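This report refers to the structure that appears directly beneath it.
As the structure is a prediction and not an experimental result, all values here were calculated from the model.
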Amino acid sequence: MALYQRKDLATLFSALSRGEVAQVYLVFGERYLCRDAIDQLVARLLPDESTRKNQLQLIDGDQEDFQATLHMLRTYSLFPGRRVFRITDSRLFFSKAVAQPLWEKATQAHGAGKPDKAARYISQMREIAGLSPTDFADDPLAGLSAARWKELFGFARPEGDLNWTKELAAERKNKRTLPSADGALLLTDALEAGLPPDHILILSAEAVDKRKKLFKFLEQHGVVIDLSVDAGGSSAARKDQEQIIVELVEKTLATFNKKIAPRAREILLERVGFHPVAAVLETEKLALSVGDAPTISPEDLDAVIGRTREEALYELTEAYTRQRLDQAMLIIARLQENGIHALAILATLRNHIRKLLVIRSFQLQRDPAYSGGISFPAFQKEYLPRLKEAHQEWAALWKGHPYALYMQFQQAEKFSCSFLQSNLRELLAAEYRLKGSAVAPSMVLDSLLMNLIQHRHQ
């Protein structure tokens with residue numbers, strides 16, 4: 001019937017208000033945008049809130065028994081009225097074509113400290129590869145050869161340590177029953193044969209293979225809504241991401257009859273980044289906090305969702321470790337805006353780099369020997385106790401959670417001792433300039449970052 005994108009949603013909803021209803025809808029792309037669009041879709045398909053709960057069937061596609069779902073779709077209801085079946089995270093469109101996007105989402109979730117989310121994507125990758133649930137407890141991904149990875153997932157094996165996927169394996173074991181391999185074919189057959197006329201199916205997924213027969217069928221006989229967003233770092237991608245966040249902020253504020261000052265909006269966009277859920281929640285928080293005031297100011301924003309010094313300084317060290325110059329310069333600018341002295345910023349970087357240097361020197365010792373890519377269990381149970389015993393004079397370094405220390409060892413692997421030592425010399429030179437020259441601190445810090453991050457470690 002039709003293919004819609006984000007800009008076409010008003011047209012789709014207008015058609016719904018005229019009674020132009022399809023029997024099946026597929027909504028795919030950015031998770032929050034999909035959920036929001038489906039909420040609006042359901043509200044129009046089932047306008048009576050008093051009966052909506054009884055007419056709406058919610059199904060978690062990540063754990064569904066597909067045969068049971070198909071049976072419900074085919075069975076006529078004993079009660080009059082429309083029935084809507086809403087299936088989230090449908091797996092009917094999985095193939096090797098979506099394995100790489102799922103991997104990218106998994107690594108992003110892992111990096112953001114969201115293991116449940118990362119585990120879901122890794123689990124979906126296993127399903128694409130045809131790995132059975134019994135493999136979940138002993139995750140096979142980290143040990144796959146480059147050739148086997150390519151064969152299973154259709155893209156090159158990522159470089160670096162993949163042992164973190166093992167930590168996620170047990171969390172997903174036996175959480176759901178895998179669908180039949182021909183689930184998409186069975187649904188296509190059911191739709192061609194015809195469902196009860198008052199039954200409407202809504203499928204959602206973050207990634208789909210557009211080459212699948214089911215997708216092509218839905219394009220012709222149903223409604224497909226593409227809410228994909230380019231997650232890359234190109235200027236076009238960033239512009240699209242910013243536009244989406246601006247729309248969500250303005251839409252949220254409109255429900256409270258509020259506006260936001262241009263500078264406050266700029267700061268808000270910078271702080272939430274491309275995280276639609278965070279943008280909406282923080283905007284709601286702002287709107288409620290200002291009471292009767294019609295406009296949200298930068299001061300209101302700082303009072304409600306201002307970053308703490310500790311959070312921002314931690315983000316700075318993370319940007320350094322990831323060698324992200326753009327992020328580091330942005331964070332330093334905000335730290336100075338919030339009154340953090342340039343020498344305090346230098347001290348944070350110095351302490352972080354010194355710690356990386358100490359850890360890197362331990363990794364180069366023969367006893368105890370450090371193995372690159374070591375798993376966390378082996379690090380915690382074998383390597384760390386031996387290291388503590390051999391270097392009791394560094395007791396202060398071993399404080400804190402073992403996993404946090406493990407992650408610092410992972411970070412230190414990326415650098416050479418000579419690179420870290422040169423960075424400490426750059427910091428010392430920057431400190432002299434701050435204390436003994438008339439150059440603006442912001443210029444000294446910007447120059448420092450370019451020297452620290454744009455140099456390549458050996």
Side-chain angles (χ1 to χ4, degrees), residues 1-49 51-61 64 66-77 79-95 98 179 182-229:
M1 291 177 65
L3 174 64
Y4 294 87
Q5 294 182 326
R6 191 175 76 254
K7 59 183 175 57
D8 306 317
L9 288 178
T11 303
L12 170 63
F13 296 146
S14 178
L16 279 172
S17 66
R18 297 193 300 269
E20 299 175 18
V21 178
Q23 193 161 35
V24 58
Y25 295 84
L26 168 63
V27 186
F28 72 94
E30 202 285 323
R31 193 174 186 84
Y32 177 83
L33 299 181
C34 288
R35 188 179 70 187
D36 184 57
I38 293 173
D39 285 344
Q40 296 183 63
L41 188 60
V42 169
R44 287 166 172 80
L45 291 170
L46 302 174
D48 188 346
E49 292 187 34
T51 60
R52 185 180 299 161
K53 183 177 180 180
N54 296 326
Q55 295 176 280
L56 178 62
Q57 180 73 45
L58 300 175
I59 301 170
D60 182 356
E64 73 170 321
F66 181 74
Q67 295 289 353
T69 299
L70 197 59
H71 178 72
M72 286 192 294
L73 284 171
R74 287 171 163 166
T75 302
Y76 283 82
S77 175
F79 303 96
R82 180 178 288 164
R83 291 194 70 195
V84 174
F85 300 83
R86 176 176 178 172
I87 303 179
T88 59
D89 296 318
S90 174
R91 293 165 286 148
L92 298 177
F93 302 91
F94 281 177
S95 76
V98 304
D182 57 353
L185 180 60
L186 291 174
L187 178 59
T188 303
D189 292 342
L191 293 172
E192 288 176 337
L195 301 178
D198 288 333
H199 285 192
I200 295 177
L201 173 63
I202 302 175
L203 297 161
S204 71
E206 290 189 57
V208 300
D209 184 350
K210 298 179 182 179
R211 301 170 301 176
K212 276 188 168 286
K213 179 182 177 181
L214 176 58
F215 184 90
K216 296 182 180 298
F217 177 87
L218 295 182
E219 276 190 308
Q220 296 177 3
H221 304 285
V223 168
V224 177
I225 304 173
D226 181 357
L227 300 177
S228 302
V229 179

Next item on the list: Taking all non-hydrogen atoms of both residues into account, name the closest pair between Phe94 and Ser90 and its distance.
Entry: CE2-O, 4.1 Å
Notebook entry, point to check: In chain order, what residues pass the side chain to side chain donor-acceptor pair (under 3.5 Å) check against Gln5, with sequence neighbours excluded?
Noted result: none
Check: CG of Leu46 to CZ of Arg83: how many Å apart, nearest 0.5 Å?
Finding: 11.0 Å
Next item on the list: Could you tell me which non-hydrogen atom of Arg86 sits nearest to which non-hydrogen atom of Asp39, and how far apart they are?
Entry: NH1-OD1, 2.9 Å
Check: Taking only residues two or more places apart in sequence, or in another chain, which ones meet Arg18 in a side chain to side chain donor-acceptor pair (under 3.5 Å)?
Finding: Ser14, Glu20
Margin query: What's the separation between atom CD1 in Ile59 and atom CE in Met72, rounded to the nearest 0.5 Å?
Written below: 4.0 Å
Check: What are the two closest non-hydrogen atoms of Cys34 and Ala205, and how far apart are they?
Finding: SG-O, 4.3 Å
Item checked: Pairs meeting criterion salt bridge (Lys or Arg N to Asp or Glu O under 4.0 Å) with involvement of residues 40-49, two or more places apart -> none
Check: Which heavy atom in Leu41 sits nearest to a heavy atom in Ile202, and how many Å separate them?
Finding: CD2-CD1, 3.8 Å
Checklist line | Heavy-atom pair with the smallest gap, counting every atom of Tyr32 and Glu30 | finding: N-OE1, 2.9 Å
Item checked: Set of residues satisfying side-chain contact (heavy atoms from CB on, under 4.5 Å) with respect to Lys210, sequence neighbours excluded -> Phe28, Val208, Phe215, Asp226
In a table with atom names and distances, give each donor-acceptor pair under 3.5 Å that connects a side chain of residues 184-200 to protein atoms at least two apart or in another chain.
from	atom 1	to	atom 2	distance (Å)
Thr188	OG1	Ala184	O	2.8
His199	ND1	Leu73	O	2.9

Notebook entry, point to check: Is there side-chain contact between Thr69 and Phe85, with heavy atoms separated by less than 4.5 Å?
Noted result: no
Margin query: Minimum heavy-atom separation for Gly61 and Ile87, please, with both atom names.
Written below: CA-CG2, 3.9 Å
Margin query: Suppose we screen for side chain to side chain donor-acceptor pair (under 3.5 Å). Which residues come up paired with Gln55, at least two apart in sequence or across chains?
Written below: Thr51
Item checked: Any residue meeting side-chain contact (heavy atoms from CB on, under 4.5 Å) with Asp89, in chain and number order, not counting sequence neighbours -> Arg31, Asp60, Asp62, Arg120, Glu206
Item checked: Straight-line distance of Leu16 CG to Tyr25 OH, nearest 0.5 Å -> 4.5 Å
Margin query: Could you work out, with salt bridge (Lys or Arg N to Asp or Glu O under 4.0 Å) as the rule, every residue matching Arg6, not counting sequence neighbours?
Written below: Asp240, Glu247
Next item on the list: Check whether any side-chain heavy atom of Ile38 lies under 4.5 Å from a side-chain heavy atom of Thr88, and answer yes or no.
Entry: no
Item checked: Interatomic spacing from CG in Asp36 to CG in Leu227 - rounded to 0.5 Å -> 9.0 Å
Check: What is the distance from atom CG of Leu214 to atom CD of Glu219, rounded to the nearest 0.5 Å?
Finding: 10.5 Å
